[in-house]
Amino acid sequence: MSSEVLLEVKDLNVYYRVYEGLMHVLDDVSFSLVEGERLGLVGETGCGKTTTFRALLRVLDSNASSKGDILYKGCNVNKMSQTELLNTRRTEMSMIFQDPTSSLNPVFTVGEQISSVIRANLQAKGINYSENDIKDIALKALSDVLLPDPERIFDSYPFQLSGGMRQRICIAMSVATERKLLLADEPGTSLDVTIQAQILGLLNNLVKTTGMSVILATHSLGVVRETTDRVCIMYGGEIVEIGPTRSLFANPSHPYTRALLACVPKLTGEGIAEGIPGEMVSYLNPPKGCRFQPRCSFCNEDCNRTKPKLTLYEDDHYVACHKADL
Amino acid sequence: MEIFRFICKRTLWSLVALVGLSIIIFTLSRVVPGDPARMALGPRATEEAVEALRIELKLDQPIIYQYFHWIASVLKGDFGLSLMTMRSVTDDIKIYLPATLELVIVAAIIQCVFGILLGVLATASQGSYMDYFLRIIAYIGVVTPSFVFAVLFMLLFGYKLPILPVLGRTSVGLGVQPITGMIVVDSILRCDFPVAVDAFVHLLLPATALAMNGMAQLARITRSSMIDNSERDYIVMETAQGLSKKEIFFKYLLRPSVIPAVSVLALQIGALFANAFLVESIFNWPGLSRYGVEAMLFKDLNAVSAVICIVGFVFIIANIFVDILVAIIDPRVRLKAGE
Amino acid sequence: MDIPILKLSMLKKYFPYKKGSFVKAVDGVSLEIFRGETLGLVGESGSGKSTVAYTIVGMYEPTKGQILYNDQDISSLYKFRSNEIKGKIRIVFQDPNSSLNPRRTIRQILFTPLKLHKNDRYKGFPASPEALLEEVGLSSIYAYRFSRSLSGGERQLVAIAHAIATNPDLVLLDEPTSALDVSIQAKVINRLMDLQNRYKLSYLFITHDLSLMRNVAHRVAIMYLGKICEIARTKEFFEKPLHPYTQMLLSSIPVVTDEEEQLKPKKITSRGEIPSPVNIPPGCSFHLRCPFATDQCKKLDPDMKELEAHHYVRCHLY
Amino acid sequence: MNDKRCDNFGSFSDKTRRAWYRLSKNKLSVVGFVGVVVIVLAAIFAPFIAPYPTHAGKVVDFLNANQPPSLAHLCGTDPMGRDVFSRIIFALRSTLLMGVVVLSISVPFGTTMGLIAGYFQGSLIDSLITRLTDIFLAVPPLILALSVAALLKPNLMNAMLAITITWWTWYARLAYGMAVTLNREYYVRSAQLLGASWMHIIFKEMLPNCLSPILTKMTLDMGIVIMTAAALSFVGLGEQPPTPALGTMISDGAKYMPTQWWLTVFPALAIMIIVLSFNLLGDGFRDLFSTEEKQ
């Protein structure tokens with residue numbers, strides 16, 4: 001595994017202009033990813049995981065604006081021309097959307113949709129192809145994700161398939177042609193645990209065999225613990241803690257991470273923690289200091305006034321908290 | 001297939017509804033004060049003549065008997081005698097229906113093609129002056145009754161800017177031996193192209209006046225459904241996968257977005273028939289609808305009932321046609337109906 | 001031993017499907033729930049767990065079998081039940097957005113059960129919408145709000161208040177927290193446990209989350225394709241899962257600590273998908289996904305066996 | 001709890017205020033609102049606004065006949081010498097009355113029928129109501145209204161009756177569809193399981209959730225009813241002369257085209273403006289409710 005930096009995100013800010021005003025959703029998000037690495041992005045509903053992904057690919061909604069540097073192989077995605085951007089999307093990065101049902105076009109067959117993606121990719125690489133080649137690649141991709149009877153699925157419409165199959169199709173679409181970076185948004189988490197385990201296993205295998213890098217966004221701490229090398233914990237549009245998976249789970253240091261871990265029901269049956277008081281931050285007027293401060297039991301004047309920066313806590317493990325040492 | 005069972009079932013129920021409607025119209029027409037026989041013959045006819053006509057029209061029998069008698073003859077293709085023209089209603093309809101069909105079909109094509117086209121154009125230029133301009137046009141189209149369009153077109157094109165003919169189906173002296181009764185079709189079939197062109201030019205104004213409402217509606221529906229759909233996950237996903245803007249817009253966005261527009265077509269074809277009632281009389285178009293209005297004002301019950309039945313029947317056919325069209329575009333309807 | 005509050009015996013619910021075939025959503029379920037107990041009913045989507053709950057409250061009429069409430073047969077649609085029974089068995093639905101009417105204030109919503117079940121409450125039971133809100137830990141200010149201005153967790157708490165307003169014996173919880181984040185889920189669950197202690201409520205807790213059941217339930221039952229495959233007291237259930245399906249479920253759970261990792265069965269991994277309940281495979285319905293399936297499993301549906309005290313399994317392996 | 005600051009959030013008066021605020025943000029719907037208010041006021045105070053109030057009746061003034069628009073006669077005069085502008089103002093009365101009467105009968109009736117049929121989906125009462133609506137929808141509404149109006153005596157009352165008979169079915173359909181969807185909502189099920197009566201469920205649980213689409217449709221429909229009414233009077237089946245009606249004015253004026261264009265153009269414009277105002281307002285309502293739904 002080479003340790004070349006593939007993606008570096010520096011001070012990414014995303015704003016949504018909504019009816020009530022300006023929502024400051026992502027606030028100075030910075031992280032980086034080396035080739036072949038599996039990074040987890042964890043947080044609760046509305047913490048900005050999907051927004052981060054969409055910003056990386058520049059597919060934010062029309063009312064959103066994004067500032068900051070997204071350096072992919074040294075090129076800034078936010079400053080790319082349309083053709084460069086198109087090529088990056090076609091050959092470098094790809095994203096698996098959260099909801100496999102709504103992210104497949106309902107009135108086209110799976111085959112048509114996956115073929116379009118492959119065609120775009122081959123065009124971008126300047127490879128000559130025939131329609132038969134495309135179908136072969138598509139069928140191979142479908143069988144790669146362990147779908148039974150790829151020929152039949154190729155000619156099916158999304159609504160004729162189960163949720164698990166749709167999720168596999170979304171993955172197949174992203175890995176049908178070689179990509180360097182896969183952005184997986186809650187893969188399988190809307191499905192049953194047994195299916196989720198299969199999907200995650202599948203993703204892991206794909207990553208191992210192709211050497212792809214993955215960023216996995218999920219709300220489930222268990223999922224990242226089992227499938228990633230490094231983890232970012234997000235709260236309210238900020239990264240509050242980032243570190244190698246083992247050390248982060250062994251030694252959670254941000255109060256939010258700790259509280260979140262305590263809330264997860266354990267198989268060992270030690271009861272349920274009280275939960276985190278209060279509500280998710282309002283992006284319309286977020287607190288001036290630390291965004292978690294209104295819900296934090298350790299907060300003091302300092303947290304109220306200044307925003308904590310990510311600081312080294314232990315080996316490669318960073319925390320954004322004034323009271324992390326406690 | 002499921003979809004055919006679905007369409008058959010719906011058609012059957014529509015026919016039942018049509019029979020129900022005929023009962024209502026029939027009852028209403030018989031309980032309304034006024035003696036149809038007397039009205040047909042005028043105030044100066046003798047009492048004997050009126051009585052004779054009453055017996056001929058079976059007006060002396062109980063209502064239920066009259067109804068079943070009427071239905072029985074309708075099933076044989078006989079709508080009875082028109083009191084207005086004193087001819088068989090069936091013969092009248094044979095003359096007038098093709099003219100209306102021709103008009104409505106051309107109007108339907110105009111509104112469909114231009115409505116969806118304008119909707120697409122407005123979406124493509126969303127936010128620009130073009131978009132605003134098209135939206136204003138669409139607003140005007142929606143809020144103006146088609147008979148107002150007809151009158152205004154007549155004023156504008158017939159008198160102020162006389163570039164298009166405004167009255168009748170053809171210029172005086174031109175004509176063609178009928179096959180279908182639709183002059184454009186007939187003249188093409190008979191290879192009489194000057195007449196075809198002339199007849200088509202005569203069609204343009206009334207058809208456009210008729211189509212304006214529906215066209216504006218379609219444009220608005222198409223635009224709003226395209227804009228709604230363009231924020232959907234699947235479009236974002238396709239963008240993220242690097243498909244070209246053109247492919248996304250014309251393939252992946254257009255097809256799901258025209259479904260709501262196509263679904264309202266049946267209603268719109270009905271509205272075309274209804275508005276033809278007024279537009280035909282303005283443009284002096286010898287069609288079924290003008291005949292219907294005249295029959296209504298004359299209280300010619302046989303003719304009115306016949307016109308309503310025919311329109312109801314055409315409406316059913318339009319519904320079947322649109323159901324099939326939607327099934328072709330939308331696989332969910334095609335493969336899932338009936339579940 | 002005392003009489004169960006609710007007893008299901010061989011409950012079946014079939015829905016007619018195309019051309020004479022049936023969806024066998026519930027296919028012979030027998031259960032008992034005792035006073036003050038939480039029974040966890042766990043299964044994947046399509047296992048028929050929600051149908052069980054809907055049949056108990058009378059939204060569906062059982063095709064076969066009996067529902068006994070305090071030894072009284074109530075196997076009928078809700079329309080044919082007495083008002084008292086309707087108040088004694090209540091249900092909390094999964095979706096917090098749809099369980100509260102968006103056009104009525106919280107006060108109006110909570111007032112309906114209070115008005116309809118005036119006589120079922122004893123003295124000292126919260127009798128006003130405000131009191132009910134405080135009972136579930138919400139401020140009484142919420143009474144004059146609409147559900148739209150509440151967060152998901154708060155909505156679900158209001159739904160719970162609505163359910164306990166009639167002073168029920170049994171509350172069916174149909175995935176009450178599956179739409180919520182863990183930090184919110186913790187709050188709601190704690191409130192539910194409080195209420196159970198205070199009013200001796202019995203819960204039938206329907207969920208797909210086994211780890212949650214480890215911490216909440218007294219007994220756990222696993223359902224697969226309309227049938228119960230294993231049922232046991234929580235401790236035994238997790239320490240000694242017997243049915244291969246239970247083991248597969250446990251091994252699929254993503255966990256956050258090493259101690260938990262120890263508890264996961266190692267020798268089985270997830271494979272296959274749950275078949276459609278229209279064509280349930282013959283024999284043991286799990287045999288298609290089971291690594292230990294034998295010829296016998298393909299032909300013969302196993303019976304429920306009591307292997308240890310209160311630990312029942314439906315599998316040919318034992 | 002620390003939410004003292006949003007005590008009022010979501011309460012009724014606050015909702016109305018927010019709704020009005022949002023509606024007022026959409027400039028076009030404000031135009032529509034102002035238009036509707038002006039039209040309604042003009043209709044109510046017609047005798048005070050119209051420059052020649054007597055011209056609404058049987059007045060003949062051949063000296064001033066057929067005059068083109070001028071300061072004295074804003075929209076010209078007709079062959080009888082009557083002021084077209086005054087007649088348009090008076091015609092607003094029957095036009096609006098038509099819309100109000102038709103909708104205030106057909107909307108409550110249709111909605112109730114639809115909700116009942118939808119709530120008892122699959123029962124006998126459902127099929128009865130559904131088949132009944134099917135009958136009225138078997139031909140386009142305008143044609144049905146024309147025939148009914150023609151069979152009865154031609155006057156304003158019968159025109160209203162004819163349109164009402166055809167109109168309620170649309171609301172029955174709309175309410176039916178919504179009731180069927182609402183049947184699946186947990187709060188409706190929960191009320192059933194609680195033992196609430198069907199009256200309670202239909203009128204307290206379902207109806208409030210149908211109001212916004214129905215209100216939107218009503219506003220938009222006001223325009224369509226007015227268009228239909230104009231069509232009826234265009235063929236002579238509405239308000240009878242000498243009382244002015246917009247449709248009649250257009251059809252009479254069409255005879256004098258193209259020289260006396262003002263006889264048709266101004267009544268036509270009047271119809272367009274009325275319908276446009278109601279449409280803009282209706283669209284504003286729709287946007288308002290749909291953003292409300294989204295949140």
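All chains are named by letter (A, B, ...) in the order of the sequence lines, taking the proteins before the strands, and each is independently numbered beginning at 1. Values reported hereafter were calculated over all heavy atoms of this structure, with side chains retained and with hydrogens, waters and symmetry mates removed. Since the structure is predicted, the reported quantities are computational estimates derived from the model, not experimental observations.
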Review point. By a 4.5 Å heavy-atom criterion (distance strictly below it), what part of A:Pro148 contacts chain C: side chain, backbone, both, or neither?
Key: neither

Study note, to complete from the structure: Comparing C:Ser251, C:Gly272, C:Ser276 against chain A, the one with the most heavy-atom pairs below 4.5 Å turns out to be C:Gly272

Check your understanding: So which bits of residues 184-197 of chain A come within less than 4.5 Å of chain C, counting non-hydrogen atoms only?
Key -> A:Asp192, A:Val193, A:Thr194, A:Ile195, A:Gln196, A:Ala197

Point to revise | C:Glu236 and C:His310 side chains, donor-acceptor separation under 3.5 Å | key: no

Review point. Using non-hydrogen atoms only, which part of C:Glu261 is less than 4.5 Å away from chain A: side chain, backbone, both, or neither?
Key: side chain

Review point. Atom CZ in A:Arg291, atom SG in A:Cys47: separation rounded to 0.5 Å?
Key: 11.5 Å

Study note, to complete from the structure: To the nearest 0.5 Å, atom CZ of C:Arg314 lies from atom CD1 of C:Ile231 at 11.0 Å

Study note, to complete from the structure: Sorted by chain and number, sequence neighbours left out, side chain to side chain contact (heavy atoms under 4.5 Å, CB included) with C:Leu263 holds for A:Leu267, A:Thr268

Study note, to complete from the structure: Most heavy-atom pairs under 4.5 Å with chain A, out of C:Gln185, C:Met248, C:Arg271, C:Met193, belong to C:Arg271

Review point. Looking just at side-chain N and O atoms, do C:Asn215 and A:Glu270 make a donor-acceptor pair shorter than 3.5 Å?
Key: no

**Study point:** Listed once per pair and sorted, the ring-ring contact (aromatic ring centres under 6.0 Å, His included) pairs that draw on residues 212-239 of chain C, sequence neighbours left out
**Key:** C:Tyr224-C:Tyr245, C:Tyr224-C:Phe286

Practice item. Flag the pair C:Lys264 and A:Glu226 as a salt bridge only when some basic side-chain nitrogen lies within less than 4.0 angstrom of an acidic carboxylate oxygen. Key: yes

Practice item. Under the side chain to side chain contact (heavy atoms under 4.5 Å, CB included) rule, collect the residues that match up with A:Cys299, sequence neighbours excluded. Key: A:Gln293, A:Cys296, A:Cys303

Point to revise | Electrostatic pair C:Asp181-C:Lys187, nearest N-O below 4.0 angstrom | key: no

Point to revise | Contact leader toward chain A among C:Val188, C:Thr257, C:Ile184, where contacts are heavy-atom pairs under 4.5 Å | key: C:Thr257

Revision key, fill the gap. So, the part of C:Glu239 with a heavy atom under 4.5 Å from chain A: the answer is neither

Check your understanding: Given the options A:Met280, A:Glu274, A:His219, which has more heavy-atom pairs under 4.5 Å with chain C than any of the others?
Key -> A:Glu274

Review point. What option among C:Val182, C:Ile253, C:Asp209, C:Asn190 has the most heavy-atom pairs under 4.5 Å with chain A?
Key: C:Asn190

Review point. Are C:Glu135 and C:Arg198 within salt-bridge range, i.e. N to O under 4.0 Å?
Key: yes

